[in-house]
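Read through the structure below, which is laid out as structure tokens, and then see the notes.
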Amino acid sequence: MSSLKSMSYTWSGTLFFGARIAPDTDIYFNPEVISGVPFSGLTGLGDFSNGEATKANGAQAKFYSARAFLRQTFNQEGDKVVLENEANQITQSVSSNRVMVTAGQFSTLDIFDDSRYAKDPRIQFMNWGNMTYLAYDYAADARGYSTGLAGEWYLDNWVLRASRMLAPKNPNGRDLNWCAVLPVRT
């Protein structure tokens with residue numbers, strides 16, 4: 001009879017800090033801590049049963065920076081819209097026609113995937129395929145964050161989004177490939 005790991009857990013915590021440093025210019029910082037032991041060593045399953053298990057790296061808690069970015073809003077002509085206070089958003093009045101630029105460390109999903117039903121492994125679906133990229137992949141390290149630049153152009157009820165993000169050196173790795181955007185001299 002073989003010994004199987006039948007216990008599994010994850011726990012994590014995120015702090016959300018933000019400050020308005022100038023009109024229409026905000027900075028944000030989100031430190032995170034995570035710990036966890038995946039069910040059966042995260043093997044033998046057709047899909048991850050717990051989205052946080054892939055971020056966790058054992059029973060010892062790990063601290064890291066999840067997000068550290070600057071967001072600039074360029075308001076244009078249009079109706080006034082109030083963006084309510086929430087995680088990584090300080091209450092402000094903006095134009096319905098605006099350009100928002102985000103630069104720094106954040107998740108690609110923060111910009112491109114705003115599903116209210118299946119995005120956060122802490123409070124929503126616990127199957128990895130339901131949370132993020134079952135049908136597509138995106139630039140991110142093993143914890144789901146990257147460094148880059150994103151632009152959003154809002155025109156009333158429409159928005160056009162584009163970004164340039166760093167990808168990891170190795171699939172599901174933590175080291176991002178800076179050589180892809182920085183000139184390399186030989």
Side-chain angles (χ1 to χ4, degrees), residues 10 12-22 24-36 38 42 47-48 50-58 60-74 83 86-90 98-116 118-122 124 127-154 159-186:
T10 59
S12 63
T14 305
L15 293 175
F16 294 89
F17 297 105
R20 178 144 302 132
I21 57 173
D24 301 321
T25 306
D26 300 336
I27 59 170
Y28 298 94
F29 175 60
N30 301 155
E32 279 188 352
V33 60
I34 192 163
S35 174
L42 206 56
D47 204 356
F48 299 122
N50 179 332
E52 281 199 319
T54 58
K55 291 182 176 187
N57 195 1
Q60 186 69 29
K62 305 284 189 226
F63 293 86
Y64 58 92
S65 169
R67 295 175 185 87
F69 64 90
L70 179 125
R71 182 180 297 133
Q72 176 68 47
T73 302
F74 299 95
L83 301 178
E86 60 182 46
N88 293 326
Q89 175 59 60
I90 299 170
R98 65 190 179 279
V99 173
M100 295 178 75
V101 177
T102 304
Q105 178 188 15
F106 54 94
S107 173
T108 306
L109 298 177
D110 293 344
I111 305 296
F112 290 99
D113 184 11
D114 197 19
S115 170
R116 69 176 86 178
K119 181 179 176 181
D120 186 345
R122 295 176 187 153
Q124 295 167 333
N127 181 286
W128 188 254
N130 289 332
M131 286 184 322
T132 59
Y133 54 79
L134 186 60
Y136 68 96
D137 203 351
Y138 63 96
D141 65 9
R143 292 187 171 117
Y145 304 103
S146 187
T147 298
L149 178 69
E152 300 171 88
W153 182 17
Y154 290 83
V159 63
L160 175 67
R161 294 180 172 107
S163 74
R164 176 71 174 171
M165 304 296 290
L166 296 179
K169 291 180 182 179
N170 297 307
N172 204 28
R174 291 202 184 126
D175 295 326
L176 297 176
N177 187 357
W178 288 89
C179 293
V181 293
L182 299 176
V184 178
R185 295 182 185 219
T186 56

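Of the inter-residue distances, the one linking I21 atom CD1 with D26 atom CG reads 8.0 Å to the nearest 0.5 angstrom. Separating the OG atom in S35 from the NZ atom in K62 is a distance of 8.5 Å, to the nearest 0.5 Å. Rounding to the nearest 0.5 Å places CZ of R161 at 14.0 Å from CH2 of W153.
Here the closest heavy-atom approach between residue M165 and residue G148 is recorded as SD-CA, 3.7 Å. Contact detail for F29 and A68: the closest heavy-atom pair is CD1-CB, 4.0 Å. A pairwise comparison of heavy atoms in A103 and L149 identifies CB-CD1, 3.7 Å as the closest pair. Of all heavy-atom pairs between Q105 and F69, the closest is O-CD2, 3.7 Å. The two residues R20 and I90 come nearest to each other via the heavy atoms NH2-O, 3.4 Å. The two atoms that bring F106 and A150 nearest to each other are CZ-CB, 4.0 Å, heavy atoms only.
D110 and N88 are not linked by any side-chain donor-acceptor pair at a separation below 3.5 angstrom, with hydrogens and angles left out of the test. When only modelled atom types and interatomic distance are considered, Y28 and N30 share no side-chain donor-acceptor pair under 3.5 Å. For the residue pair T14 and E32, a side-chain donor N or O sits within less than 3.5 Å of a side-chain acceptor on the partner.
D24 has no carboxylate O lying under 4.0 Å from a charged side-chain N of R98, or vice versa, which leaves the two without a salt bridge.
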